[in-house]
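Quick note: residue numbers are just sequence positions, from 1.
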Amino acid sequence: MSKLSFSDILDYLSDALGTIFSVIKSITFVDIIDIVLLTFLIYYLLKIIRETRAGQLLKGVVWIVIIYLICKTVGLKSMTFLLDNTLNIGLIAILIMFQPELRRALEKFGSTNMSKLPLFSFMSEQITTPIEKWQYAIDMICLSCEELSASTTGALFVLERNTKLDVQIKTGTIMNAIPSKELFGNIFYPKTPLHDGAVIMRDGVIHAAACFLPKPEREEFIDKKLGSRHRAAIGMSENSDAIIVVVSEETGTISVAENGVIKRDFDKNTLKEYLVNKMIPEPDSTPSTPKFNRLTLKTKFKYKYNKKEHQKDGKNN
């Protein structure tokens, strides 16, 4: 086989560039609108998948397609026949499996103003990492759990991660409050209206209180000694990637549920270590990045919050 000469390479590059320029010249204004709308649709679908358990189901569908292609290539007739018929009704199956997510997405789309749609607002959104808020929130949760455990007061904290918990939030009372030991104590005090249910934390803020959580899928296999709070924590951890902290009303034991598994006998220090590892990403180890200082973050966030409150009080006065 003869090697390509330099002139042949130039001719190849010239033809390729000519093809690219001809395609660019053929693009019209309508084609640009079509591309923008398609990009928005793909972006919105990926956002729905990323924020719900639909991503896990989608991985299963992708694996079925891969297995189907392998079986068809190898020549496994029985498997190819079964998977071929499965994929023929795949669209209906996907609609059935993703029905809750699709319904919530359509409800959200129908109740949103045009100016707030991602197509018009994603350029103006500021990407911020809520490390400071989570560090302060974890400190307050650990202090509260220590006091609630000492007084055997039941409590249920849900720390939201990637899976959005809008369904559970709608069952409670929206608060959007800065976490504090006193506020948690007030919420979970037995004689207050918000004590029965869970507090859902989003981005280090108390987003809602008195929220009802789903039941576990296999409740009969759970230890009979565990009460309703622990069962709700397990159920929530099965339906999302959230971290759920429970304080027992009977024994004061602090427990944590994650991925359907509950771990018990935490104290303030071990709970803080666990939550920091789960909720706060590891700092960049490059020399240009300053060392992660948890005390500085806590003080900085608390100072910002107190400064805002001071400004509000000054305006009111």
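- Taken from OG1 in Thr173 to CG in Leu194, the straight-line distance is 5.0 Å, to the nearest 0.5 Å.
- In this structure, CG in Asn259 is found 10.0 Å from CD in Glu238, a value given to the nearest 0.5 Å.
- Across every non-hydrogen atom of Ser237 and Gly260, the tightest pair is OG-N, 2.9 Å.
- Within the structure, ring-ring contact (aromatic ring centres under 6.0 Å, His included) contacts touching residues 246-278 (residues at least two apart or in different chains) are Phe266-Tyr274.
- Within the structure, side chain to side chain donor-acceptor pair (under 3.5 Å) pairs that include any residue of residues 179-189 comprise Glu147-Lys181 (at least two apart or interchain).
- Under the 4.5 Å side-chain contact rule for hydrophobic residues, Phe212 and Met175 do not share a cluster.
- Looking at every heavy atom in both residues, Gly172 comes nearest to Cys211 through CA-SG, 3.8 Å.
- With sequence neighbours excluded, the residues forming a side chain to side chain contact (heavy atoms under 4.5 Å, CB included) with Ala242 are Val158, Leu165, Ser240, Ile244, listed by chain and number.
- Applying the ring-ring contact (aromatic ring centres under 6.0 Å, His included) test to residues at least two apart or on different chains, none of the pairs has a partner in residues 226-249.
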Show me the donor-acceptor pairs, under 3.5 Å and distance only, between side chains in residues 25-33 and residues at least two apart or in other chains.
unit_1, atom_1, unit_2, atom_2, d
Ser26, OG, Ser22, O, 3.4
Ser26, OG, Val23, O, 2.6
Thr28, OG1, Asp31, N, 3.4
Thr28, OG1, Asp31, OD2, 3.1
Asp31, OD2, Thr28, N, 3.0

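- Note: His207 NE2 to Met201 CE = 11.5 Å, rounded to the nearest 0.5 Å.
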Test log, rule side chain to side chain contact (heavy atoms under 4.5 Å, CB included), inputs Tyr68 and Lys72: CA-CA 6 Å; Tyr68 169 75; Lys72 191 172 184 180; 3.7 Å; yes
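- Under the 4.5 Å side-chain heavy-atom criterion for grouping Ile, Leu, Val, Met, Phe, Trp and Tyr, Leu41 is not connected to Ile35 through any hydrophobic cluster.
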Kindly determine whether Phe157 and Leu275 satisfy side chain to side chain contact (heavy atoms under 4.5 Å, CB included), including the steps that lead there. CA-CA 12 Å; Phe157 302 85; Leu275 295 181; over 6 Å; no
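- When the side chain to side chain donor-acceptor pair (under 3.5 Å) test is applied to Arg161, the partners found at least two apart in sequence or on another chain are Glu258.
- Contact detail for Ala233 and Ala257: the closest heavy-atom pair is O-CB, 3.7 Å.
- Minimum heavy-atom separation, Ser144 to Phe184: OG-CD1, 3.2 Å.
- Of the inter-residue distances, the one linking Leu76 atom CG with Ile67 atom CD1 reads 11.5 Å to the nearest 0.5 angstrom.
- Rounding to the nearest 0.5 angstrom, the gap separating the CD1 atom in Ile141 from the CH2 atom in Trp134 is 6.0 Å.
- Although no hydrogens or angles enter the test, the distance criterion places a donor-acceptor pair under 3.5 Å between the side chain of Arg231 and the main chain of Leu226.
- A chain of hydrophobic side-chain contacts below 4.5 Å, direct or via other Ile, Leu, Val, Met, Phe, Trp or Tyr residues, connects Leu143 to Ile280.
- Lys272 NZ to Cys145 SG: the interatomic distance, rounded to the nearest 0.5 Å, is 13.0 Å.
- In this structure Thr270 satisfies the side chain to side chain donor-acceptor pair (under 3.5 Å) test together with Asp267, sequence neighbours excluded.
- Under the rule for a side chain to side chain donor-acceptor pair (under 3.5 Å), Asn269 has no partner lying at least two apart in sequence or in another chain.
- Looking at every heavy atom in both residues, Ile174 comes nearest to Asn176 through CG2-ND2, 3.7 Å.
- In terms of hydrophobic clustering, with Ile, Leu, Val, Met, Phe, Trp and Tyr side chains grouped at heavy-atom distances under 4.5 Å, Val245 and Val276 are assigned to a common cluster.
- In terms of the side chain to side chain contact (heavy atoms under 4.5 Å, CB included) criterion, Leu82 has no residue partners (sequence neighbours excluded).
- Within the 4.5 Å cutoff, side-chain heavy atoms of Gln168 are placed close to those of Pro214.
- Listed by chain and number, the residues in a side chain to side chain contact (heavy atoms under 4.5 Å, CB included) with Ile70 are Ile66, Val74 (sequence neighbours excluded).
- Considering only residues two or more places apart in sequence or on other chains, Asp34 meets the side chain to side chain contact (heavy atoms under 4.5 Å, CB included) condition with none of them.
- Residue pairs that meet the side chain to side chain donor-acceptor pair (under 3.5 Å) test with at least one member in residues 243-256, sequence neighbours left out, are Arg229-Glu249, Ser248-Thr251, Thr251-Thr253.
- Salt bridge Lys278/Asp241: absent, no basic N to carboxylate O contact under 4.0 Å.
- Residues Leu156 and Ile169 are members of one and the same hydrophobic cluster, defined by side-chain heavy-atom contacts under 4.5 angstrom among Ile, Leu, Val, Met, Phe, Trp and Tyr.
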